[in-house]
Amino acid sequence: MKILVPVKRVVDFNVKIRVKPDGSGIDLANVKMSMNPFDEIAVEEAVRLKEKGGATEIVVVSIGPAKAQDVIRTALAIGADRGILVETPDVPVEPLAVAKILKGVVEAEKPDIVILGKQAIDDDCNQTGQMLAALLGWPQGTFASKLTLESGAAVVTREVDGGLETVRLKVPAVVTTDLRLNEPRYPTLPNIMKAKKKPLDTKKPDDFGVDIAPRLKVLKISEPASRKAGVKVGSVAELVQKLKAEAGVL
Ligand code: AMP
């Protein structure tokens with residue numbers, strides 16, 4: 001089976017982001033960028049499936065500025081075989097445009113499974129996988145915490161409200177990863193060196209006939225209101241008294 005893994009370059013999850021003073025967006029100057037953590041999980045899962053003999057080739061694709069090559073190289077160092085950069089100007093590309101481009105990549109590459117992250121941690125949209133499945137007319141298994149390949153099928157255990165659900169998808173199919181699917185490995189230095197020699201193709205949204213002009217307008221971005229400090233109570237009686245008199249919840 002051939003696996004396609006879309007990987008997005010996002011602000012590193014350790015960075016404490018700052019809102020621009022005019023509220024027009026996030027300040028990205030001198031901010032560390034990395035692969036979206038859910039996409040690292042997707043790459044790791046694809047590599048494990050290949051190591052187990054269930055997958056034959058892993059292609060990673062990123063839609064973004066030339067700098068997004070870094071996250072493709074990281075994926076290649078984890079164990080993917082080949083990369084595709086669909087180069088765009090350094091502006092946010094909305095999930096629908098990303099899904100349309102991915103549909104074009106799927107039509108060209110003909111993978112059996114596309115494994116995406118469940119969400120990108122910059123915009124937290126949680127839309128691209130579902131939109132891609134709809135555009136392709138493929139079955140989808142979102143929020144996967146376990147994935148096994150059987151002949152002609154992918155069995156996905158999904159994290160849903162109140163428990164786990166297992167679905168069997170006829171391939172070709174779309175899967176999105178949840179946090180507990182696996183713990184991604186760190187690329188080793190020899191593999192980072194080897195990744196530099198792996199093939200990386202560059203395309204443009206126009207190659208897939210996709211217009212990436214935004215359909216949404218961001219009106220304002222603001223910090224969440226800061227929380228008031230809490231208080232420590234000395235006894236249960238004091239807690240009950242405060243809940244009655246101050247919080248008014250009893
Ligand atoms: P989202 O719907 O934006 O939360 O993103 C969900 C998933 O779609 C991510 O975890 C990626 O696997 C994929 N994705 C979103 N945007 C991009 C992008 N620009 N390039 C490659 N993959 C992307």
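On a predicted model such as this, the values are computed, not experimentally measured, just so you know. Note that these values count all heavy atoms, side chains included, but never hydrogens, waters or copies made by symmetry. The first residue of the sequence shown is numbered 1, and numbering continues consecutively from there.
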Only counting residues at least two apart or in another chain, list the ones meeting side-chain hydrogen bond (donor to acceptor under 3.5 Å, both in side chains) with [X].
{"X": "K203", "result": "none"}
{"X": "K67", "result": "D90"}
{"X": "K118", "result": "D178"}
{"X": "D70", "result": "none"}

**OP:** Scan residues 139-148 for pairs that pass side chain to side chain donor-acceptor pair (under 3.5 Å), counting only residues two or more places apart or in two chains.
**Re:** T142-R158
**OP:** Please list all pairs passing the side chain to side chain donor-acceptor pair (under 3.5 Å) test where one or both residues lie in residues 204-230, with sequence neighbours left out.
**Re:** none
**OP:** Please round to the nearest 0.5 Å and tell me the distance separating atom CD of E238 and atom CG of L243.
**Re:** 10.5 Å
Taking salt bridge (charged side-chain N to carboxylate O under 4.0 Å, His left out) as the definition, give me every residue that meets it alongside [X], ordered by chain and number, with sequence neighbours left out.
{"X": "K2", "value": "E57, E109"}
{"X": "K32", "value": "D12"}
{"X": "E183", "value": "none"}
{"X": "K242", "value": "E246"}

Original post:
Apart from V174 itself, which Ile, Leu, Val, Met, Phe, Trp or Tyr residues share its cluster (side-chain heavy atoms under 4.5 Å, direct or through members)?
Top reply: L4, V59, V61, I63, I84, V86, V93, V98, I101, L102, V105, V106, V114, L116, L132, L136, W138, F208, V210, I212
**OP:** Tell me who clusters with M131, hydrophobic residues only, linked when side chains sit under 4.5 Å apart either directly or through other members.
**Re:** L96
Original post:
Salt-bridged, D39 to K8, with N to O below 4.0 Å?
Top reply: no
